[in-house]
Each structure stands twice: as C-alpha cells, then as structure tokens.
Amino acid sequence: MNDSPAHQPDRTPVPTDPNETSELTEHTPKEQWGSRIGVVLAVAGSAVGLGNFLRFPGQAAQNGGGAFLLPYFISLLILGIPLCWAEWTVGRYGGMRGFHSAPGIFSVICRTPKARYLSVFALLIPLVIYMYYIVIEAWCLCYAWNYATGALMMGSDAEAYESFFDSVVGSNQDGHVFGEGAGLLVFIGVTFVANFILIYRGVAKGIETFCKFAIPAMVVCALCVLVRVLTLPDSDVDGGLGFMWNPQPEALLNPKTWLAASGQIFFSLSVGFGVIINYSSYLTKKDDVVLSGLTASSMNEFFEVCLGGLITLPAAFMFLGAGVASFGTFALGFNALPNVFAQMPAGQFFGFLWFFMLFLAAITSSLSMLQPVIAFFEEGFNLERHVSTQFLGIIALGGAFFVIYFSSGLKALDTLDFWVGTLLIFVLALIQAVVYGWVFGIDEGERQAHIGAHIRIPRFVQYMLKYVVPVYLGGIFIAFCYLNVFGTTDPTTGEYTPGYLDTLLNDSVALMSVIFIFCVMLFLLLMIHIAGNNWIRDGRFEFLKTSDDENMNAANLPGEQQ
C-alpha cells in the first residue's frame, strides 16, 4: 500500500499561543488539488450525474416545458450559486485552519466544538446516497456492456425493454440478484472496486486525475449522441424539441412548478450534500473560490440544459410520442431510451456511447460522496488512508447489499432517495444558510471569499444569503413536506393521495429503510462525538478561544487584509 505523505491525514498540531497563530492561519493541507482546473472539474463532476440527463428533462416536460426555465434559473440565482459560494468559502476557511471534514469545519465556523453535531447530515447524506447510487451506477455499466455486445438491440417491442430492466434490477422479487439476477453482482463488483481504487489514491491522484479524463469524455460522448439526434428527419426533430421546450405559461401559476425547479437545482449543483465544503477545504488562500465556484456551476448547467435538455426527452418523443412525458426517471432512462436507440440508425453504437457516458457521470458523482466520509475517518481517528478506505468500504457495501436485496418495486432505493437524497438535502442546506448568514457572519464570509479572488461577489448576494435564502428554503421545505410527506386530499374530487408517512405505516420495507437511515445517523453521531473528544484532547480547538481579529493580526497574512 502507498502510505506516502500525500495519503496521510493531516496531524499538524494547532498552536495554543496567540503569537503562533500564523502557523494556524497559514495551514496548508498536505493533500491538495493539483490545479485550479482540477478542482473545478472535480466539483463539476460531483454535480454532473444522472439527474442532469434523466431527471431534468422529465421535470421540465412535466412542469411547463420552456416555462420551467424561468423558476429554474431564478432558483439557480437565488439558491444555487449563492449557496455554492457560501460552501466554497467556509470549506476553504476550515481547511486553512486544519480541518477537512464537516464536523471540524462546522466547529471552526461556529467557534464551538458543540457545533460538530450539526454536521451529521453532511456525512449521512453522501454516505447513504452512495449506498444506492453505486447500484444505479452498475445498471449503467450493465447497459453499456449489453449494447457493446448487441444484447440490447431488441427492436421496437417496448415490453422487451421493460422485461430486461426488471430482470436486471430485480424489481419483481426481493433477493433477485442473489439468484437468477446474479449477473448484476459482477457489474456492482467492478464499479465498487473502481470507486475505491480511485478514492484510495486521494483527491489529486485519484479524484482529480479521473475527472480530468471523465469530464471531456462525457462531453464527447454526449455531443456525438446530440449530433445523431439533431440530424434525424427535420419534422421529427422540430416536434421533439417543441415537446420539450415550448412554454406552457399556465404552469407558472402552479406552486409545484416552482417547487420542482428549486429541488432540481439542489440535485443538480450538489448543494446541501456536504461535498463542496470538503472539496474546497483542500484549497489555499491563493485559490479563487468565487471564480471556481461560478465556473463549476456553469459547467454543470451546460451539461444539464444544453446536453440533457436537448437529447433525452426530444429523442424519446420522436420515436415514442407524447406518452414519454409521464415516464419516471428510471423508466425514461432504462426503458424508453433503449427502445429509441433500437429504432435509430447506428443505434447500437450510440446506445453504448449514451450509457457509457451515464456511467462516467455516475462515477464522478459517487467518488464525491465517498471523500467527505473518508476525510472524517482520517481526521477524527488518525487512520491511515488504506485503513479508512477499507472501513468505509465495509459500511458502504453493507448498505448497498441492503438496497440490492430489497429490490422488489425498488422500494428500498426509493425510500432512501426520498428521505436522504431529497428531504435531508433541504435540511442541510437550511442549516448551512443559517450558520453562514447568522453565525459565521456575512461580513466575514465576504472577506474570506475575496481572498485570492479575481472577481467580486456583489454585496447584495450576502444579504440574500442571510435573509432571503433561509426564508426561501424554509418555505420550500414546508411545501415539500406538505405535498410529499403527508397525504393530501383533492378539494375538487375529494380523492386522497397517500404520502410517504402512509407508505411507512403500510410497507415493512419502507419502514426498515427509515430505521436503517436512523441507525446510520446514530452511528455517525457517535463517531462525531468521539472524534470531537479526540480533537479537544489534542488541543485542536484551542485557537477558538482567540478572536478572529487577534488571529488575523498575529498572522498578518498578505492578501487577507482586503
């Protein structure tokens, strides 16, 4: 195993003498990004995933088509980019003070070790999402392989593709992959090993190096498929693009449209995942977090709007008609699109390119979900890289097998995705917005963001982060819970639509899944408690007793007095 310094957790002692605080403030992480473009590609890779190519087109089509873009871009400007800047800023702030995990960073920005418990969601969310995301990742690799071998060229029979999907994922029977569907275990094994080899190599040699290859490869694959779609007969192309983008203004009066747009921004930019604060903690005061954050966000929007929005649903409409608008994410991606490629000239080649691109997009995202937890294990317990990797691998594999086994109706996957991959993201984003605006402070946040920056964040963005974003997030959270967690009754027909709480009361797998989430959270809280005690014992929080003004004056760092 390679135990070089680049793979070691940082154990630099924190000075307790105020006169020594320059060492603290100028802390340079032993593990760093190799280049500015490297960290931008890594953050973009964490954001660019299946949601860009499958979830976004479906959300747009179901919520007003072109009209969906208005609330979408408003949410991007009010929530997405400001929260990204906040996460980049506090992440680097914590990293420059010796912490790269969410519990340490929260303790630093709140100036109290007790704040570390607020960070539990920043570890829980990426860890649990990884447990089911790795399964979907394996589906993509399985489909790419079956296109390469020609096994997925089944003609225009829609039922054949539905049957193939059911047989791959085991949606008709729990434990399917441990019997007739054992072939999927090979693809899960390959993706799992690939993930952990890359994460073991660290942020620069592993994540950054892979993203430098994967992001350009994704662009090439997506552009090839896009050119093929846009060079189909003109009438078909016009109809497909019109179906996706013709605006339906009446949708703007529906609150569900605004709710869907805001939710998509969270999924799209990885806001509230706990990933960006970890990635940005490996930056130094010379790095430009403002421009880097804006570039990563823009790159993600290119993939989502310009590629995903022009390929997935327009192509499906051309061959399958308007019925594809009612398809869910998985049905659109794994049932409808294979049918499309089967009817498209050179469909086998473009089908392979498409699913290989989805696999690359998924793996760049799944890597970002592992790094925050790896960093915590190394930092909180002084574990070597290979030990923390093995420990996390055991935990993640156990969760993945839970999802794999309870595959009937994809109930376990769907429940974990709703409670962790959807609901808790709003909770973490709200916590981060309140901590940034009311505890860390917008004045300090603005000052820290502009260290090393080549462009300035407009002042009104700071006021938005303090006042507008928490209120907006709170409103979205309440509306989301009302429409999804609790059952609703249609005032016109009196028809009752059950919510997720109803599902929990009537479905044992859903209930077990929520209990599973709760157990993982308790485990992480215990680990956070122990890690915090280790830091207190080692004196790593002693500098919190000194005011930031004293720290800055003692350090007298060039470029920080802006």
Side-chain angles (χ1 to χ4, degrees), residues 1 9 45-46 49-50 101-103 119-141 169 177-178 184-203 206-207 210 270 273-275 278-279 359 362-381 383-407 410 412-417 419-421 424-425 512-528 531:
M1 293 293 184
S46 73
L50 303 179
S101 64
S119 70
V120 64
F121 299 122
L123 299 178
L124 177 69
I125 290 171
L127 177 58
V128 174
I129 290 179
Y130 179 83
M131 292 174 180
Y132 65 82
Y133 203 85
I134 189 72
V135 178
I136 305 173
E137 199 171 302
W139 297 350
C140 296
L141 182 60
V169 307
V177 296
F178 298 105
L184 181 63
L185 293 177
V186 175
F187 295 101
I188 291 175
V190 171
T191 54
F192 195 86
V193 170
N195 272 263
F196 276 86
I197 288 175
L198 291 170
I199 204 66
Y200 168 74
R201 291 177 57 81
V203 296
I207 298 174
F210 180 76
S270 289
F273 275 70
V275 171
N278 169 256
Y279 273 16
F359 172 71
I363 203 170
T364 57
S365 297
S366 62
L367 285 175
S368 71
M369 299 168 197
L370 292 172
Q371 180 58 31
V373 190
I374 285 275
F376 170 64
F377 287 156
E378 291 182 350
E379 192 168 81
F381 303 94
L383 298 179
E384 305 293 345
R385 188 74 176 192
H386 66 278
V387 177
S388 60
T389 303
Q390 293 169 7
F391 185 39
L392 178 58
I394 294 171
I395 297 172
L397 192 60
F401 273 115
F402 177 84
V403 175
I404 294 167
Y405 182 82
F406 293 107
S407 59
L410 302 178
L413 189 156
D414 182 62
T415 304
L416 295 182
D417 181 59
W419 292 102
V420 176
L424 288 186
I425 291 175
M512 280 192 295
S513 300
V514 172
I515 293 174
F516 175 78
I517 295 169
F518 186 70
C519 290
V520 175
M521 185 173 70
L522 288 180
F523 167 74
L524 291 174
L525 281 171
L526 177 61
M527 301 295 281
I528 290 170

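As a basis for the values below, the full set of heavy atoms in this structure was taken, side chains included, without hydrogen atoms, waters or symmetry mates.
- Checked against side chain to side chain contact (heavy atoms under 4.5 Å, CB included), Val520 has the following partners two or more places apart in sequence or in another chain: Leu124, Leu127, Val128, Phe516, Leu524.
- Side-chain contact between Ile528 and Leu123: present, with at least one pair of heavy atoms (C-beta onward) separated by less than 4.5 Å.
- Phe518 meets the ring-ring contact (aromatic ring centres under 6.0 Å, His included) test with no other residue; sequence neighbours excluded.
- Every residue two or more places apart in sequence or in another chain that forms a ring-ring contact (aromatic ring centres under 6.0 Å, His included) with Phe381 is listed here: Phe376.
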(message) Using side-chain contact (heavy atoms from CB on, under 4.5 Å), reason through Ile207 and Ile199 one step at a time and then give a plain yes or no.
(response) CA-CA 7 Å; Ile207 298 174; Ile199 204 66; 3.7 Å; yes

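- When all heavy atoms are compared, the tightest approach of Ile404 to Ser407 is O-CB, 3.4 Å.
- Partners of Ser368 under the side chain to side chain contact (heavy atoms under 4.5 Å, CB included) rule, at least two apart in sequence or in another chain, are Ser46, Val275, Tyr279.
- Not counting sequence neighbours, the partners of Val193 by the side chain to side chain contact (heavy atoms under 4.5 Å, CB included) test are Ile197.
- Nearest heavy-atom pair, Ser513 versus Ala412, reported as atom, atom and distance to 0.1 Å: OG-CA, 3.6 Å.
- Of all the heavy atoms in Ile363 and Ala194, the pair that sits closest is CD1-CB, 4.2 Å.
- Ile374 CD1 to Thr389 OG1: the interatomic distance, rounded to the nearest 0.5 Å, is 4.0 Å.
- Atom-to-atom distance recorded for Ile517:CD1 and Met131:CE is 10.0 Å, nearest 0.5 angstrom.
- By the ring-ring contact (aromatic ring centres under 6.0 Å, His included) test, Phe192 pairs with Phe196, sequence neighbours left out.
- Counting only heavy atoms from C-beta outward, the side chains of Val420 and Ile129 approach each other to under 4.5 Å.
- Minimum interatomic distance between Pro372 and Ala122 (heavy atoms only, all atoms of both residues): CB-O, 4.4 Å.
- Interatomic distance, CD1 of Ile134 versus CG of Leu370, reported as 7.5 Å (0.5 Å rounding).
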(message) Pair Ile425, Phe121 - check side-chain contact (heavy atoms from CB on, under 4.5 Å), show working.
(response) CA-CA 8 Å; Ile425 291 175; Phe121 299 122; over 6 Å; no

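- By the side chain to side chain donor-acceptor pair (under 3.5 Å) test, Ser366 is found to be paired with Glu137, Asn195, residues two or more places apart in sequence or in another chain being considered.
- Qualifying ring-ring contact (aromatic ring centres under 6.0 Å, His included) partners for Phe377, counting only residues two or more places apart in sequence or in other chains: Phe391.
- Counting heavy atoms from C-beta on, the side chains of Cys140 and Leu50 come closer than 4.5 Å.
- One finds the CD1 atom of Ile136 at 11.0 Å from the CD1 atom of Ile188 (value rounded to the nearest 0.5 Å).
- Between Arg201 atom CZ and Arg385 atom CZ the span is 11.0 Å, to the nearest 0.5 Å.
- Listed by first and then second residue, the side-chain hydrogen bond (donor to acceptor under 3.5 Å, both in side chains) pairs that reach into residues 122-134 are Tyr132-Asp417, sequence neighbours excluded.
- For the side chain to side chain contact (heavy atoms under 4.5 Å, CB included) test, residues two or more places apart in sequence or in another chain that qualify with Tyr405 are Asp174, Phe178.
- Summarising the geometry, atom CD belonging to Gln371 is positioned 10.5 Å from atom OG belonging to Ser101; distances are rounded to the nearest 0.5 Å.
- Leu184 has its side chain within reach of Trp139: a pair of non-hydrogen atoms, C-beta onward, lies under 4.5 Å apart.
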(request) Apply the test side-chain contact (heavy atoms from CB on, under 4.5 Å) to residues Trp419 and Leu424: give CA-CA distance (whole Å), side-chain angles for both, the deciding distance (0.1 Å), then the verdict. (result) CA-CA 6 Å; Trp419 292 102; Leu424 288 186; 5.8 Å; no

